[in-house]
Number of protein chains: 2
Amino acid sequence: MGRWAPGARGRLAEAALELYGEHGYEQTTVAEIARRAGVTERTFFRHYADKREVLFDGAGALRDALVTAVAEARPETAPIEAVAAGLDAVGEVFVGRHAQSRRRQAVIAANPELQERELIKLASMAAALAETLHARGVAEPTAGLAAEAGIAVFKIGFELWVTAPEERELAQVMRESMDALRSVTATAR
Amino acid sequence: MGRWAPGARGRLAEAALELYGEHGYEQTTVAEIARRAGVTERTFFRHYADKREVLFDGAGALRDALVTAVAEARPETAPIEAVAAGLDAVGEVFVGRHAQSRRRQAVIAANPELQERELIKLASMAAALAETLHARGVAEPTAGLAAEAGIAVFKIGFELWVTAPEERELAQVMRESMDALRSVTATAR
DNA sequence: ACCATTGATGTCAGTGACTGTCATCAACGT
DNA sequence: ACGTTGATGACAGTCACTGACATCAATGGT
């Protein structure tokens, strides 16, 4: 065992979610989070770039899951179908995490700064998705539009899922949302 | 004439855009902006909630233009067509502002914090748009999806317009983007 | 002309997020 | 035994942002 208890990073993330939930994001100081995790404030900033980032540790993995699934779709798959496959993979990531997601979303919903951070994470997913589609041979601006549409479906689907009274399958909710998007954009001119 | 030169708010916005462009957003302090505008730092924060907000003074008017146009569309207009009408109205707002928009977008593109703020302004437009569609009788989650799709078209269309080598009409670019979205989501299953 | 009110600003002290720098010390390889 | 490495602590500093109070031109009523 080292000089310090291992897992400082995880303890910081846990302490932050607890404190943001208990007293609110603004009312919580980084010093408090660090104290609860048993480290100093300086150590917090060695693990997380800022006070918001501590809630978004999983964003990278989520983006990877999305991009990988899209990249691995059969080459002849239509862009929007590849995106749908990616959203399916994203849905898998959240299996068994409904309660945790709900708790986290409640914290984010209560603070604009956290919403901003969430939005830029989603924008990063959209950018990676567009790039992946482009690599599959989809031209711009179609790739960018398909990516933005996919993230829109994710946003709406995730919100439906996380606020639903009884737990459903996220992938299923997103499939329904994708169908709803198809319908609303398919209106005859 | 008053004790102070009038138009402090406008001078602050101008000074901020200049300094963010000259030295970068991070390297610019609020004290510098205030000095160039001929006021104190405290006065800056009386006009703008924070260092980022000074670049987004027009966001409210933009949202109003969008919402108004959508609300005023003929009742039998399909949701996506009402959204398209809203985007047309948004396009009008930028007529004659291509150079200024380009300058501003360059500043925003150079800094993640400013991108976050831009994203939450767009999210606010999406929320207002969804609410307006809902008031028109569009059910959820269709209203939310149509709104997100509309904002996606705005994002892509605006980016195309602002980075285009020669100036075009924004409303026209957005119409083309909307058509591209229709195409990509209309793929046979 | 006088005076109370109002509104925009200045002044100043304070909090807290975030950074740069150096010291410490267990673990690890040689 | 010893040098290196990596995570952490300690500490001073900058800057965004806020609260509280003072100032003073303009305004409007008397």
Side-chain angles (χ1 to χ4, degrees), chain A residues 1-57 107-108 110-118 120-121, chain B residues 1-57 107-108 110-118 120-121:
Chain A
M1 191 175 84
R3 179 152 61 136
W4 302 275
R9 186 182 179 90
R11 290 202 311 278
L12 282 166
E14 217 176 315
L17 181 56
E18 287 171 11
L19 288 167
Y20 292 171
E22 290 169 19
H23 312 126
Y25 169 81
E26 281 189 5
Q27 281 62 44
T28 303
T29 68
V30 174
E32 286 168 356
I33 299 170
R35 192 176 333 124
R36 181 170 294 200
V39 296
T40 63
E41 191 178 351
R42 191 64 182 88
T43 292
F44 177 96
F45 288 110
R46 287 200 174 95
H47 284 283
Y48 299 103
D50 57 47
K51 193 183 166 185
R52 301 165 269 305
E53 196 66 16
V54 66
L55 282 189
F56 298 87
D57 227 4
V107 170
I108 294 174
N111 186 275
E113 288 186 45
L114 293 173
Q115 291 164 36
E116 287 186 343
R117 183 55 50 88
E118 171 151 278
I120 208 171
K121 296 296 183 186
Chain B
M1 190 177 80
R3 178 152 59 138
W4 303 275
R9 185 182 179 89
R11 290 201 311 278
L12 282 165
E14 218 177 315
L17 181 56
E18 287 171 11
L19 288 168
Y20 293 170
E22 291 170 15
H23 312 126
Y25 169 80
E26 282 189 5
Q27 282 63 45
T28 304
T29 68
V30 174
E32 285 169 356
I33 299 169
R35 195 178 329 128
R36 183 169 294 198
V39 296
T40 63
E41 193 178 350
R42 191 64 181 90
T43 292
F44 176 94
F45 288 110
R46 287 204 174 93
H47 285 282
Y48 298 102
D50 57 46
K51 193 184 165 185
R52 301 164 268 304
E53 196 67 17
V54 67
L55 283 189
F56 298 88
D57 227 3
V107 170
I108 293 174
N111 187 274
E113 289 185 45
L114 294 173
Q115 291 163 36
E116 286 186 342
R117 182 56 51 88
E118 170 150 280
I120 209 171
K121 296 296 183 187

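Below, read A as the first sequence line, B as the second, and so on, with proteins coming before strands; counting in each chain starts at 1.
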Discussion item. Please enumerate all residues that pass salt bridge (Lys or Arg N to Asp or Glu O under 4.0 Å) together with A:Arg11, with sequence neighbours excluded.
Written reply: none

Fill in: A:Glu32: salt bridge (Lys or Arg N to Asp or Glu O under 4.0 Å) partners, not counting sequence neighbours
none

Worksheet item: Looking at CD of B:Glu116 and CG of B:Asn111, how far apart are the two atoms once the value is rounded to the nearest 0.5 Å?
Response: 9.0 Å

Worksheet, complete the sentence: A:Arg35 CZ to C:dA17 P, in whole Å, measures 12 Å

Fill in: Results of salt bridge (Lys or Arg N to Asp or Glu O under 4.0 Å) for A:Arg35 - residues two or more places apart only
none

Fill in: Pairs touching residues 12-35 of chain B that satisfy ring-ring contact (aromatic ring centres under 6.0 Å, His included), sequence neighbours left out
B:Tyr20-B:Tyr25

Worksheet item: Once you round it to whole Å, what is the distance between P of C:dA17 and CG of A:Leu114?
Response: 13 Å

Practice prompt. Kindly state which residues belonging to residues 38-46 of chain B come within less than 4.0 angstrom of DNA chain D, counting heavy atoms of the residue only, listed by number.
Written response: B:Glu41, B:Arg42, B:Phe45, B:Arg46

Worksheet item: Who passes side-chain hydrogen bond (donor to acceptor under 3.5 Å, both in side chains) against A:Glu22, sequence neighbours left out?
Response: A:Arg36

Please tabulate, for side-chain N and O atoms in residues 39-49 of chain B, each donor-acceptor pair with protein atoms closer than 3.5 Å (sequence neighbours left out).
unit_1  : atom_1 : unit_2  : atom_2 : d
B:Tyr48 : OH     : B:Arg9  : O      : 3.2
B:Tyr48 : OH     : B:Asp57 : OD2    : 3.1

Discussion item. Rounded to whole Å, how long is the line connecting atom CD1 of B:Ile33 with atom P of D:dC15?
Written reply: 13 Å

Worksheet item: For DNA chain D, which residues in residues 50-57 of chain B have a heavy atom at a distance below 4.0 Å?
Response: B:Asp50, B:Lys51, B:Arg52

Item to complete: Could I get the full list of side-chain hydrogen bond (donor to acceptor under 3.5 Å, both in side chains) partners for A:Lys121, not counting sequence neighbours?
Response: A:Glu53

Worksheet item: Can you check whether A:His47 has a side-chain N or O nearer than 4.0 Å to OP1 or OP2 of D:dA7?
Response: no

Worksheet item: Roughly how far apart are A:Ile33 CD1 and A:Lys51 NZ, rounded to 0.5 Å?
Response: 6.5 Å

Practice prompt. Residues of residues 7-31 of chain B with any non-hydrogen atom less than 4.0 angstrom from an atom of DNA chain D: list those, numerically ordered, please.
Written response: B:Thr28, B:Thr29, B:Val30

Response to the item:
Sorted by chain and number, sequence neighbours left out, side-chain hydrogen bond (donor to acceptor under 3.5 Å, both in side chains) with B:Gln115 holds for none

